[in-house]
Each structure stands twice: as structure tokens, then as C-alpha cells.
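First comes the structure, then the notes that go with it.
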Number of protein chains: 2
Amino acid sequence: MPSRMRDNPVPAGGVLSAVDGLAQLAFLIHATLERRAAEHDVSMIQTRLLGVLRDRRPTINELAQLLALDKSSTSGLVDRAERRGLVVRIPSTTDRRSVKVTLTDAGRSLVAQVSASFEADVSTLVDRLPRSDRDTMTRLVSRLVVAHASEHGVDLFASIEAQAQ
Amino acid sequence: MPSRMRDNPVPAGGVLSAVDGLAQLAFLIHATLERRAAEHDVSMIQTRLLGVLRDRRPTINELAQLLALDKSSTSGLVDRAERRGLVVRIPSTTDRRSVKVTLTDAGRSLVAQVSASFEADVSTLVDRLPRSDRDTMTRLVSRLVVAHASEHGVDLFASIEAQAQ
DNA sequence: TATTGTTATACTCTATAACTATA
DNA sequence: TATAGTTATAGAGTATAACAATA
């Protein structure tokens, strides 16, 4: 936890350390998405569920892997989303034990709205910087994320991707 | 939500947009803290509670404002932390309705450990970039966060700070 | 009367363990 | 037997409303 979390997040005109600045940014962006989701009465995990389903029709087990939840937690999560009309369970044609979880039109519409307002928020945030600084930051942040992912999550995600559908 | 959340977080050797890159970075950092906290069997909200208490002894009401929770939620949060020996309620000497929530030695030790490992994680992450790039990114991220805060949270936090203790 | 904090209630979210149906 | 999914149970976390004690 960054030391900035101890008191005011912002020293008057000061400069934050790498850790403090990045941590503040992370919490700011996370809170932004949470607030936009809450405007539509969805939690972060429900939002992640809908986001994952935008281009997949996974089984409960696949969904559990994608969301890093137990299959029972996933089943309950899908229950609540289904009760709200955001997703549906479609029986698998090849395995009668299994279901494919699918976004409804309402679910797709909701996630599109949350995404759009969230992306607008982040754009507004970065537009505070002059174009050239923004481009520089984007390039550096991108390098960081890409480098980290190529050392970690990529294979995991790729294999789940391959399994899914 | 960034479009990258739809599938693989990392395009092979590609460059992310400003929104996607920042969002990915934010979720990565958030997940890092969550994982470090989980190693000590504490949730994010419990970690935030302990973090806030590092340099404050707020009342339940003040804590509720700091954490953006209802006072009843805060009361329960403190109950569970107190049951684990991480915090204590100390009766106010000036108002017999009120209590001051205070970190125990165990709570202070726990939050120090989580902070240290989290900060090490973030350092490791940014150390992937060469020094000069890292400094540039830090400066830009810092400007972003400071600019945003000076337009939003600062007054709020400052006033809560002033009330607290 | 107003404020501080707790309690009652209800819901989401999570995991573990036991279960049903199918493979 | 093994796997896919659900259900039972327990607990954290959250909000609303009602409450007791104190101001």
C-alpha cells in the first residue's frame, strides 16, 4: 500500500513516487468503473461477468476459470444475472450436463453503456495532459503492461480462450 | 471498460490505446494489492480500514466518511477487525456516545507487511522500464493524479482530515 | 430534539462440501 | 468412476430502517 493512502492523496503541487502515483491512479480508475457500474445497479463482478461474455459463450466451468471463482460462486453469480435478464443459460447440444452462458440483448446493452461511460471518464482523465505527454505516457504504460503480460498471464488466457466457445 | 477486457489482455507485440493501457495497468495493480492482502487473510476493505488507521484515530462516523460506507457497515467492519485483534474501540473521553477506532500492534504489523510487499511488487513492475523512461512515466502519471485530485477529492479529504483525530 | 453508534433485516458475493445427472 | 452443474451452509460485506444512549 502506498504511503499516500495514509493521508491526503495529493500533496500541494508535489510529485508522487512511482509507487504512490501508480497506486493512486489504479484506485482512481478502479473507483471510476465501480461508480459507472453502480449507476446501472451492477457490481464490479457482475460487470466483469458481462464483459467476459461480450465475445464468449462459456460453460460455467470456463466462466469460473475466467473469473477466478469457484464453480459454485459462478453458478450463483449467473443465477442473479439471469434473474435480472442480463444473461441466459443455454443447454449444450453436445453434453447434456453442460450449459453455455450467453449475454441477452439487455445484458449487451448494459455492458456497452457502462463501457462507454467508463472509457469517456478515462479519456477525460488523460486529456488533462498535452498531446505529446499523453502519447509518451501511453507508450510507456503500454510497454509496461505488455511486458508484464508476456511474462505472466498470456499463456493462461490464451489456453482458456482456446478451450472456450 | 477497456476493449482489451473482452479478450486477451495483450496483443502480440502491439501497442495499447491510452484507455486500454491505463485500465489494464490499474486492474493489474489493484489485483496485486488484493493478492498480497489475501496472503494475510484480509480483504481489500479490511486493508483499506487498516491503512486509514495508520495515522488516524477516527470515530465510527469519521471512518464511514473516509471509507465511503454507511455507519452501520462501518460498525460491522470494525466488529470483524476487532474480533481478529487488529483494531480496538476506545471510548471517547469527551462524548460518551462516541468511540475512537485504533490500530493494535497486530494491526499495525499486518498493514506494514502488506504495504511492504505491495510496494515491492509495484517497484518490480516499473523496474522493467529503463530508468529514464520510468522517471518520465512517473512524472506524467503523477501530474495526472495530482491534477485530477486538485479538481476533485482534495477539499473533501482535507476537510475530513481536519475533522478527524 | 439531534447525534452517535448498534442492531435487525435483507441482499450480494464467496468458498467448501455434498449432491444429481450425465459421460 | 469422473465430470458439469446445483444446492446447502456459513461467513464477509453492504445498505436501510429502527433503536438506545447521550448531547
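Fair warning: this is a prediction, and the values are worked out from it, not measured in the lab. Numbered from 1 within each chain, the chains take letters A, B, ... in sequence-line order. When reading the values below, keep in mind they use all heavy atoms of this one structure, side chains included, and skip hydrogens, waters and symmetry mates.
Less than 4.0 Å separates DNA chain C from at least one heavy atom of each of the following residues of residues 76-92 of chain B: B:Arg89. Listed by residue number, the members of residues 36-43 of chain A with any heavy atom below 4.0 angstrom from DNA chain C are A:Ser43.
Screening residues 31-73 of chain B for ring-ring contact (aromatic ring centres under 6.0 Å, His included), with sequence neighbours left out, gives no hits.
Taking the side-chain hydrogen bond (donor to acceptor under 3.5 Å, both in side chains) definition, one finds that A:Ser43 meets it with nothing, sequence neighbours left out. Residues satisfying the side-chain contact (heavy atoms from CB on, under 4.5 Å) test with B:Arg96, not counting sequence neighbours, are none. Among residues two or more places apart in sequence or in another chain, the side-chain hydrogen bond (donor to acceptor under 3.5 Å, both in side chains) test is passed with B:Thr94 by B:Ser92. Scored by the salt bridge (Lys or Arg N to Asp or Glu O under 4.0 Å) test, A:Glu34 finds no partners at all (sequence neighbours excluded). For B:Ser72, the side-chain hydrogen bond (donor to acceptor under 3.5 Å, both in side chains) criterion is met by B:Asp70, not counting sequence neighbours. B:Asp135 is linked by a side-chain contact (heavy atoms from CB on, under 4.5 Å) to B:Arg131, counting only residues two or more places apart in sequence or in another chain.
Taking atom CZ of residue A:Arg48 and atom C1' of nucleotide C:dC13, one finds them 13 Å apart after rounding to whole Å. Counting to the nearest Å, the P atom of C:dC13 and the CD atom of B:Glu34 are 14 Å from each other. Look at CG on A:Leu49: it is 10 Å from P on C:dT14, rounded to the nearest Å. For A:Gln46 and C:dT14, the CD to C1' distance is 13 Å, given to the nearest whole Å.
For the pair A:Arg48 (side chain) and A:Met44 (backbone), a donor-acceptor distance under 3.5 Å is absent. B:Ser142 contributes no side-chain N or O that, together with a main-chain N or O of A:Gly21, makes up a donor-acceptor pair within less than 3.5 Å.
Remark: B:Asn61 is in phosphate contact with C:dG5, judged by side-chain N or O atoms under 4.0 Å from OP1 or OP2. Side-chain N/O atoms of A:Ser73 include one lying less than 4.0 angstrom from OP1 or OP2 on C:dA15.
Look at B:Arg35 and B:Asp121 and you find a salt bridge, because one of the NZ, NE, NH1 or NH2 atoms lies within 4.0 Å of a carboxylate O, short of that distance. Between A:Lys100 and A:Asp95 there is no salt bridge, since no side-chain nitrogen of the basic residue lies less than 4.0 Å from a carboxylate oxygen of the acidic one. Between A:Glu62 and A:Arg56 no salt bridge is recorded (no basic side-chain N to carboxylate O distance below 4.0 Å). A salt bridge does not link A:Asp41 to A:Arg84: none of the charged side-chain nitrogens sits closer than 4.0 Å to a carboxylate oxygen.
Nucleic acid contact class of B:Ser72 (heavy atoms, under 4.0 Å, all strands): base.
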- Task: Show your reasoning for whether salt bridge (Lys or Arg N to Asp or Glu O under 4.0 Å) applies to B:Arg89 and B:Asp79.
- Result: CA-CA 9 Å; B:Arg89 283 174 167 92; B:Asp79 281 349; 3.0 Å; yes
What protein N or O atoms touch nucleotides 18-21 of chain C N or O atoms at under 3.5 angstrom, if any, and at what distances?
none

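Interface limits on DNA chain D: the 5'-most and 3'-most nucleotides within less than 4.0 Å of chain B heavy atoms are D:dA12 to D:dA23.
Here the options are A:Ile60, A:Val88, A:Ile90, the test is side-chain contact (heavy atoms from CB on, under 4.5 Å), and the partner is A:Val99; only A:Ile60 passes.
End-to-end axis angle of the helix from C:dT1-D:dA23 to C:dA23-D:dT1, using five pairs per end and rounding to 10°, comes to 20°.
Taking the six-membered ring where the residue is Trp, A:His30 and B:His30 present parallel rings, their angle staying beneath 30° rather than reaching 60°.
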